[in-house]
Amino acid sequence: MSLLSANNLGKAFRSYPSEWFRIARWFGIPLQPSKEHWVLRHVNFDIQPGQAVGIVGQNGAGKSTLLKMIAGTLKPTEGQIMVNGRIAAILELGMGFNPELTGRQNVIHSAGLMGFSAEQTQQAIPEIEAFAEIGSYFDEPLRTYSSGMQMRVAFAVSTAIPPDLLIIDEALSVGDSYFQQKSMKRIFELKESGVSIFFVSHDVNSVKMLCDTAILIDEGVVVDIGEPKEIINFYQNMILKKTHQGDLEFKQHKIKEKEKKK
């Protein structure tokens with residue numbers, strides 16, 4: 001049985017003439033939007049227990065939108081996601097942390113939202129505090145934290161009790177190199193223990209090292225799924241072609257401008 005299945009998944013962002021039209025849609029009244037922009041369309045894949053899957057693609061390709069739908073923070077417009085296990089996600093810095101609460105208080109709150117019991121949370125807090133390595137700031141308000149410190153706490157609480165599927169979206173790029181290496185070490189340990197990983201990163205070397213499978217997304221469509229090295233080579237060649245085409249179009253535009261001035 002797959003840990004996670006995405007079937008014909010799609011996400012569109014819609015604009016309406018007024019908010020009343022949007023509210024009417026909630027009650028099933030079939031009103032058409034004034035604008036409709038599909039960010040993702042016809043996405044299909046499976047994640048098996050213990051599998052590490054990497055998502056690659058340019059900015060704006062739809063990677064983060066896909067992860068938010070899988071994590072449950074964004075509702076698909078079409079298709080469905082089937083999950084057989086507990087998911088922990090690091091999608092954005094803070095994970096919904098309250099800036100007025102301390103790091104410790106935010107950990108207790110977030111752990112509760114993730115389904116930890118009060119007893120599990122209290123047992124995990126010493127390990128979370130030690131892993132985050134932010135010293136006395138753990139008992140200071142989150143508004144006094146740097147982005148890197150927030151990421152340390154977010155990562156520590158998300159991985160304190162191993163989930164069935166860990167989703168990571170570029171969050172580690174914010175931290176210092178020491179904590180990035182420490183976090184990657186924990187991710188590899190989680191993978192070895194049987195945790196599935198869903199990983200988005202522009203660091204293609206990390207994708208090659210960590211992942212068993214890679215998915216290439218471009219302009220909201222899954223272009224290919226396969227062995228990470230092959231997918232990344234294809235992705236890099238695709239970027240080179242786009243860059244070359246862009247340079248060529250820019251040069252042609254400049255030539256036309258010069259001709260108009262003559």
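Model, not experiment: these values are computed from the prediction. Residue numbers count from 1 along this sequence.
The CZ atom of Phe199 lies 6.5 Å from the SG atom of Cys211; values are rounded to the nearest 0.5 Å. If you take CG on Leu67 and NZ on Lys63, they are separated by 9.0 Å, rounding to the nearest 0.5 Å. Rounding to the nearest 0.5 angstrom, the gap separating the CG atom in Leu3 from the OG atom in Ser196 is 4.5 Å. Rounding to the nearest 0.5 Å places OG of Ser183 at 5.0 Å from CZ of Phe131. Atoms NZ and NE2, on Lys11 and His37 in that order, are 12.0 Å from each other to the nearest 0.5 Å. To the nearest 0.5 Å, the span separating OG1 on Thr102 from NE2 on His109 amounts to 12.5 Å.
The side-chain contact (heavy atoms from CB on, under 4.5 Å) search around Ser2 returns Ser5, Asp46, Gln48, not counting sequence neighbours. Judged as a salt bridge (Lys or Arg N to Asp or Glu O under 4.0 Å), and not counting sequence neighbours, the contacts of Lys182 are Glu133. In this view, Asn84 and Met1 satisfy the side-chain contact (heavy atoms from CB on, under 4.5 Å) rule, not counting sequence neighbours. Residues satisfying the salt bridge (Lys or Arg N to Asp or Glu O under 4.0 Å) test with Lys185, not counting sequence neighbours, are Glu189. Every residue was checked against the salt bridge (Lys or Arg N to Asp or Glu O under 4.0 Å) condition with Glu140, not counting sequence neighbours, and none meets it. Shown here are the salt bridge (Lys or Arg N to Asp or Glu O under 4.0 Å) partners of Lys191, two or more places apart in sequence or in another chain: Asp212. Take Phe198 and apply the ring pair (Phe, Tyr, Trp, His ring centres under 6.0 Å) test, not counting sequence neighbours, and it matches Phe45. Asp224 meets the side-chain contact (heavy atoms from CB on, under 4.5 Å) test with Ile231; sequence neighbours excluded. Listed by chain and number, the residues in a side-chain contact (heavy atoms from CB on, under 4.5 Å) with Asp218 are Gln58, Val223, Met238, Lys242 (sequence neighbours excluded).
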Verify side-chain contact (heavy atoms from CB on, under 4.5 Å) between Met149 and Phe138, making sure each step is shown before the conclusion.
CA-CA 9 Å; Met149 291 166 68; Phe138 196 63; over 6 Å; no
Test Ile197 against Ile187 for side-chain contact (heavy atoms from CB on, under 4.5 Å), laying out the working first.
CA-CA 8 Å; Ile197 310 292; Ile187 291 171; 4.1 Å; yes
List the steps, then state whether side-chain contact (heavy atoms from CB on, under 4.5 Å) holds for Ile81 with Leu9.
CA-CA 8 Å; Ile81 300 168; Leu9 206 59; 3.6 Å; yes
side-chain contact (heavy atoms from CB on, under 4.5 Å) between Leu40 and Met69, worked out
CA-CA 11 Å; Leu40 283 170; Met69 288 194 291; 3.6 Å; yes
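Proximity of a side-chain donor or acceptor of Lys208 to a complementary backbone N or O of Pro228 within less than 3.5 Å is not detected. In this structure, Tyr235 contributes its side chain and Glu230 its backbone to no donor-acceptor pair below 3.5 Å. Listed for the Ser158 side chain is no donor-acceptor partner under 3.5 Å among the backbone atoms of Ala88. With Asn44 contributing its side chain and Asn8 its backbone, the two residues share a donor-acceptor pair below 3.5 Å. Between the Gln120 side chain and the Ser117 main chain, a donor and an acceptor come within less than 3.5 Å of each other. Side-chain N or O atoms of Asn7 include none that pairs as donor or acceptor with a backbone N or O of Gly79 at under 3.5 Å.
Put simply, the side chain of Leu190 reaches to within 4.5 Å of the side chain of Leu166, judged on heavy atoms. Annotation: side chain of Leu165 is not in contact with side chain of Val195 (no heavy-atom distance under 4.5 Å). Two residues are said to be in side-chain contact when any heavy atoms from C-beta on lie closer than 4.5 Å; His202 and Asn59 meet this criterion. Side-chain contact between Gln236 and Leu240 is absent, with no heavy-atom pair separated by less than 4.5 Å. Looking at Ile108 and Ile125, their side chains come closer than 4.5 Å, going by heavy atoms from C-beta outward. Side-chain contact between Ile87 and Asp164 is absent, with no heavy-atom pair separated by less than 4.5 Å.
Pairs engaging residues 27-39 under the salt bridge (Lys or Arg N to Asp or Glu O under 4.0 Å) rule: Arg14-Glu36 [sequence neighbours left out]. Applying the salt bridge (Lys or Arg N to Asp or Glu O under 4.0 Å) test to every pair with at least one member in residues 104-117, sequence neighbours left out, gives these pairs: Arg104-Glu129, Arg104-Asp139. Among residues at least two apart or in separate chains, there is no salt bridge (Lys or Arg N to Asp or Glu O under 4.0 Å) pair with a member in residues 109-122.
A cation-pi geometry, defined here as NZ or CZ lying under 6.0 Å from the six-membered ring centre and within 45° of its normal, does not hold between Arg186 and Phe155.
Side-chain contact check for Gln51 and Thr213: at least one donor-acceptor pair (N or O, by modelled atom type) lies under 3.5 Å.
Taken together through direct or relayed side-chain contacts under 4.5 Å among Ile, Leu, Val, Met, Phe, Trp and Tyr, Met151 and Met184 form part of one hydrophobic cluster. At a threshold of 4.5 Å between side-chain heavy atoms, the hydrophobic network of Ile, Leu, Val, Met, Phe, Trp and Tyr places Met82 and Ile70 in two separate groups. Linking Ile, Leu, Val, Met, Phe, Trp and Tyr residues whenever their side-chain heavy atoms come within less than 4.5 Å places Leu74 and Ile55 in a single cluster. Using a 4.5 Å cut-off between side-chain heavy atoms of Ile, Leu, Val, Met, Phe, Trp and Tyr, with links allowed through other members, Leu216 and Trp38 fall into different hydrophobic clusters. Ile239 and Val221 sit in two unconnected hydrophobic clusters of ILVMFWY residues. Membership requires side-chain heavy atoms under 4.5 Å apart, directly or through other members.
The two residues Val43 and Leu66 have their closest heavy-atom pair at CG1-CD1, 4.3 Å. Ser201 and Val207 make their closest contact through O-CG2, 4.2 Å (heavy atoms, listed as atom of the first residue, atom of the second, distance). The minimum heavy-atom distance linking Leu101 with Asn106 is given by the pair O-ND2, 3.2 Å. Residue Phe97 comes nearest to Gln150 through the heavy atom pair CE1-O, 4.2 Å, listed as atom of the first residue, atom of the second, then distance.
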